[in-house]
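All values below were derived from every heavy atom in this structure, side-chain atoms included, with hydrogens, water molecules and symmetry-related copies excluded. If you read the sequence from its start, that first residue is 1, and numbering goes on from there. Only a predicted model underlies this, so the values are computations on that prediction, with no experimental measurement involved.
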Amino acid sequence: MAGYSGRGVHGQTVAALGGRIVSGHYAEGHVLDLAELGRELDVSMTALREALKVLAAKGLVEARQKRGTYVRGREHWNLLDSDVIRWRSEAGDTLGVLRDLAEVRAVVEPAAAAMAARRRDERDLAELDAALDEMKRANNPLNEVLADIRWHRALLWATHNEMLARMDVFIEPALRLRDGIVHEFSDDDPVPSHAVVVEAVRRGDPEAASAAVTALLEKAAHDVAGILGDRKEKDDA
């Protein structure tokens with residue numbers, strides 16, 4: 001599901017309530033007082049109910065007759081939703097979010113790279129090359145993040161498996177979160193490690209493509225762990 005940040009009053013209401021739920025401010029089973037929330041957030045009851053529909057779709061709340069609208073247990077949350085991922089990070093669980101996403105990506109992306117090496121066509125290779133070129137030209141953290149997302153999306157689409165291709169739904173927020181941290185504190189050139197994957201895909205070498213993506217993911221996880229570890233040491237000092 002698409003993120004709602006920054007989309008006017010509606011987006012702000014979704015973000016405010018979603019952030020409170022994910023952070024634990026509203027515990028599981030807590031019944032929301034809609035009239036009080038409307039006054040606090042200065043929104044109409046219609047706008048509030050629309051925001052709650054969005055949160056219900058993410059699995060965070062449920063409305064029942066006689067009980068009202070209440071917070072659901074974590075097991076019902078859509079933890080792959082981009083907003084939920086961001087709210088977890090904002091609540092101080094960045095390392096946990098990145099660890100979980102890194103483990104999921106380690107399962108998905110090496111296999112996707114191997115499949116891409118078997119199935120890619122010239123259009124796929126052209127898009128991977130274009131994403132690499134964009135990565136080379138990127139001159140600020142935002143452009144670097146966008147280029148990286150484009151490259152990983154191109155790799156998934158090169159599998160010619162529509163379900164695998166849609167894995168970008170959770171890989172994209174993972175990349176945004178990870179890249180935002182890495183590019184802020186590191187000047188490491190990401191192009192060579194990504195280029196190795198492209199060349200393996202181009203040669204039609206599934207094993208090499210899978211190994212190259214695994215190496216790329218391991219390095220990324222190591223970089224983030226180092227940066228967050230340094231941050232924690234400074235905070236504890």
Side-chain angles (χ1 to χ4, degrees), residues 1-2 78-82 85 89 94-138 141-183 186-228:
M1 178 173 292
N78 179 3
L79 294 174
L80 295 179
D81 179 89
S82 61
I85 289 172
S89 178
T94 298
L95 191 57
V97 171
L98 289 173
R99 182 192 62 241
D100 289 351
L101 287 167
E103 290 174 353
V104 173
R105 292 179 63 198
V107 173
V108 172
E109 290 193 83
M115 191 176 295
R118 297 187 186 98
R119 298 181 175 179
R120 89 290 182 276
D121 57 26
E122 290 304 314
R123 183 178 299 179
D124 298 321
L125 293 173
E127 176 60 13
L128 285 166
D129 287 338
L132 269 183
D133 287 340
E134 186 176 316
M135 207 177 288
K136 293 174 185 176
R137 297 192 307 271
L142 176 59
N143 288 338
E144 290 171 354
V145 170
L146 293 176
D148 198 22
I149 290 172
R150 179 180 180 182
W151 186 90
H152 283 272
R153 185 180 291 124
L155 183 66
L156 291 173
W157 278 102
T159 65
H160 292 264
N161 179 304
E162 290 183 335
M163 291 187 180
L164 264 179
R166 294 311 300 149
M167 291 292 180
D168 66 351
V169 169
F170 70 86
I171 288 178
E172 178 173 336
L175 287 171
R176 287 187 184 278
L177 183 56
R178 184 197 70 82
D179 287 355
I181 294 169
V182 171
H183 291 313
S186 173
D187 58 0
D188 186 47
D189 183 2
V191 174
S193 57
H194 290 73
V196 172
V197 180
V198 174
E199 289 312 307
V201 170
R202 194 186 312 278
R203 293 196 310 271
D205 188 335
E207 291 77 15
S210 178
V213 167
T214 297
L216 188 157
L217 294 176
E218 288 176 349
K219 182 181 184 307
H222 180 269
D223 290 345
V224 169
I227 290 168
L228 293 180

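Glu127 has its side chain within reach of Arg150: a pair of non-hydrogen atoms, C-beta onward, lies under 4.5 Å apart.
Between Ala209 and Val197, the shortest heavy-atom contact is O-CG1, 4.4 Å. Here the closest non-hydrogen pair linking Val191 and Leu132 is O-CD2, 4.0 Å. Nearest heavy-atom pair across Met115 and Asn161 is SD-CB, 4.2 Å. For Asp124 against Trp157, the heavy-atom pair with the smallest separation is OD1-O, 4.3 Å. Summarising the geometry of Ala117 relative to Ala200, their closest heavy-atom pair is CB-O, 4.3 Å, with the distance given to 0.1 Å. Val213 and Pro110 make their closest contact through CG1-N, 3.8 Å (heavy atoms, listed as atom of the first residue, atom of the second, distance).
Distance CG/Asp148 to CG/Leu216: 7.5 Å, rounded to 0.5 Å. Here Met167 contributes atom CE and Leu155 contributes atom CG; the two are 13.0 Å apart, rounded to the nearest 0.5 Å. Taking OG1 of Thr214 as the start and CZ of Arg105 as the end, the distance is 11.5 Å to the nearest 0.5 Å. Summarising the geometry, atom NZ belonging to Lys219 is positioned 9.0 Å from atom NE2 belonging to His222; distances are rounded to the nearest 0.5 Å. One distance of note links CG of Leu128 with CG of Asp133; it measures 11.0 Å at 0.5 Å rounding. Put simply, CG on Leu101 and CG on Leu79 are 9.5 Å apart, with the number rounded to the nearest 0.5 Å.
Checked against side-chain hydrogen bond (donor to acceptor under 3.5 Å, both in side chains), Glu199 has the following partners two or more places apart in sequence or in another chain: Arg202. Not a single side-chain hydrogen bond (donor to acceptor under 3.5 Å, both in side chains) links Thr159 to another residue, sequence neighbours left out.
A salt bridge links Arg166 to Asp168: at least one charged side-chain nitrogen sits closer than 4.0 Å to a carboxylate oxygen.
In this structure, Ser193 contributes its side chain and Pro190 its backbone to a donor-acceptor pair below 3.5 Å. Arg120 places a side-chain N or O within donor-acceptor distance of the main-chain N or O of Val201, the cut-off being under 3.5 Å.
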